Amino acid sequence: MTQEEKQRKLDLRYLRMARIWAENSYCKRRQVGALVVKDKMIISDGYNGTPSGFENVCEDESNITKPYVLHAEANAITKLARSSNNSDGSTLYVTASPCIECSKLIIQAGIKRVVYAEHYRLEDGIDLLKKANIEVTYLNPDDNEPEQV
């Protein structure tokens with residue numbers, strides 16, 4: 001088995017784990033999960049939801065996401081700030097492609113690789129990551145072949 005095949009198997013495994021982690025979200029419209037992995041160890045995790053201490057309701061009565069709901073990537077990255085872990089050179093696995101705001105956090109956190117499983121309607125986050133020379137890979141666990149973005 002080549003190194004690329006081994007990496008793809010690992011990537012698929014972590015994406016499946018991120019999907020399971022997304023199930024922790026109380027959001028009804030969309031559940032997103034994220035894992036930060038460094039040296040084959042999960043150093044942080046996150047899912048979309050409200051900030052600590054808030055009610056676990058992500059949408060208002062019109063089913064619109066409340067403006068203070070945190071994205072899974074933001075939760076995983078900010079959780080690192082409260083730990084002794086360092087995300088320099090790590091990989092972020094996320095069930096949906098990052099938005100532009102999360103992409104800024106990814107860049108600043110020193111994450112060097114992003115693997116995501118679903119396309120988001122906007123591509124500006126992906127474009128920003130590529131501009132910052134971060135390796136971005138779309139890899140849907142339900143598909144057979146990865147797509148380098």
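Predicted model only: the values in this text are computed from it and were never measured. FYI, side chains are in, hydrogens and waters are out, and symmetry mates aren't considered; it's all heavy atoms of this structure.
- Looking at R30 and E118, a side-chain N of the basic residue comes within less than 4.0 Å of a carboxylate O on the acidic one, giving a salt bridge.
- E59 places a side-chain N or O within 3.5 Å of a backbone atom of K28 that can act as its donor or acceptor partner.
- In this structure, the side chain of K38 does not engage the main chain of I43 through any donor-acceptor pair within 3.5 Å.
- A distance of 8.5 Å separates CD1 in I111 from OG1 in T91, rounded to the nearest 0.5 Å.
- By the 4.5 Å side-chain criterion applied to Ile, Leu, Val, Met, Phe, Trp and Tyr, Y26 is assigned to no cluster and stands alone.
- Closest heavy-atom contact between A76 and S44: O-OG, 2.6 Å.
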Kindly indicate, with the supporting measurements, whether the criterion salt bridge (charged side-chain N to carboxylate O under 4.0 Å, His left out) is fulfilled by K6 and D11. CA-CA 9 Å; K6 286 180 185 176; D11 289 346; over 6 Å; no

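- The aromatic rings of H119 and Y138 sit parallel to each other, their planes meeting at less than 30°, with 60° as the upper class boundary.
- Separation of atoms OG (S52) and CG (N75) is listed at 7.5 Å; rounding is to 0.5 Å.
- V57 and T50 get closest at one heavy-atom pair: O-CG2, 3.4 Å.
- Under the 3.5 Å distance criterion, the side-chain polar atoms of T95 are left unmatched by any main-chain donor or acceptor of V32.
- Smallest separation of non-hydrogen atoms from G33 and A22: N-CB, 3.3 Å.
- Two residues are said to be in side-chain contact when any heavy atoms from C-beta on lie closer than 4.5 Å; C58 and N48 fail this criterion.
- Here the side chains of K130 and I126 are in contact, with some heavy-atom distance below 4.5 Å.
- Counting heavy atoms from C-beta outward, D45 and M17 have side chains that stay 4.5 Å or more apart.
- Clustering of Ile, Leu, Val, Met, Phe, Trp and Tyr side chains at separations under 4.5 Å leaves M1 isolated, with no partner residue.
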Any chance you could lay out the side-chain contact (heavy atoms from CB on, under 4.5 Å) test for Y14 and K40, step after step, and finish with the verdict? CA-CA 10 Å; Y14 286 125; K40 296 183 182 176; 4.1 Å; yes

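- In this structure, E73 CD and T78 OG1 are separated by 11.0 Å, a value rounded to the nearest 0.5 Å.
- Listed by first and then second residue, the salt bridge (Lys or Arg N to Asp or Glu O under 4.0 Å) pairs that reach into residues 81-97 come to none, sequence neighbours excluded.
- When all heavy atoms are compared, the tightest approach of R113 to Y93 is NH1-OH, 3.5 Å.
- C102 approaches A74 most closely through the heavy-atom pair SG-N, 4.1 Å.
- Using a cutoff of 4.0 Å between basic side-chain nitrogens and carboxylate oxygens, K9 and E4 are not scored as salt-bridged.
- A 6.0 Å sphere centred on CD of Q108 holds no more than 12 heavy atoms belonging to other residues, nucleotides or ligands.
- Contact annotation: the side chain of L12 approaches that of L139 to within less than 4.5 Å [non-hydrogen atoms, C-beta and beyond].
- In this structure, the side chain of N140 engages the main chain of D142 through a donor-acceptor pair within 3.5 Å.
- In terms of heavy atoms, W21 sits closest to G46 at CD1-O, 3.3 Å.
- Among I77, V94, L128, the one residue that satisfies the side-chain contact (heavy atoms from CB on, under 4.5 Å) test with I106 is I77.
- Residues C99 and L122 are not in side-chain contact: their nearest non-hydrogen atoms beyond the backbone lie 4.5 Å or more apart.
- Judged by distance alone, the side chains of T65 and R29 do bring a donor and an acceptor atom under 3.5 Å apart.
- For the pair S83 (side chain) and N85 (backbone), a donor-acceptor distance under 3.5 Å is present.
- Within the 3.5 Å criterion, the main-chain N or O of E5 finds a donor-acceptor partner in the side chain of T2.
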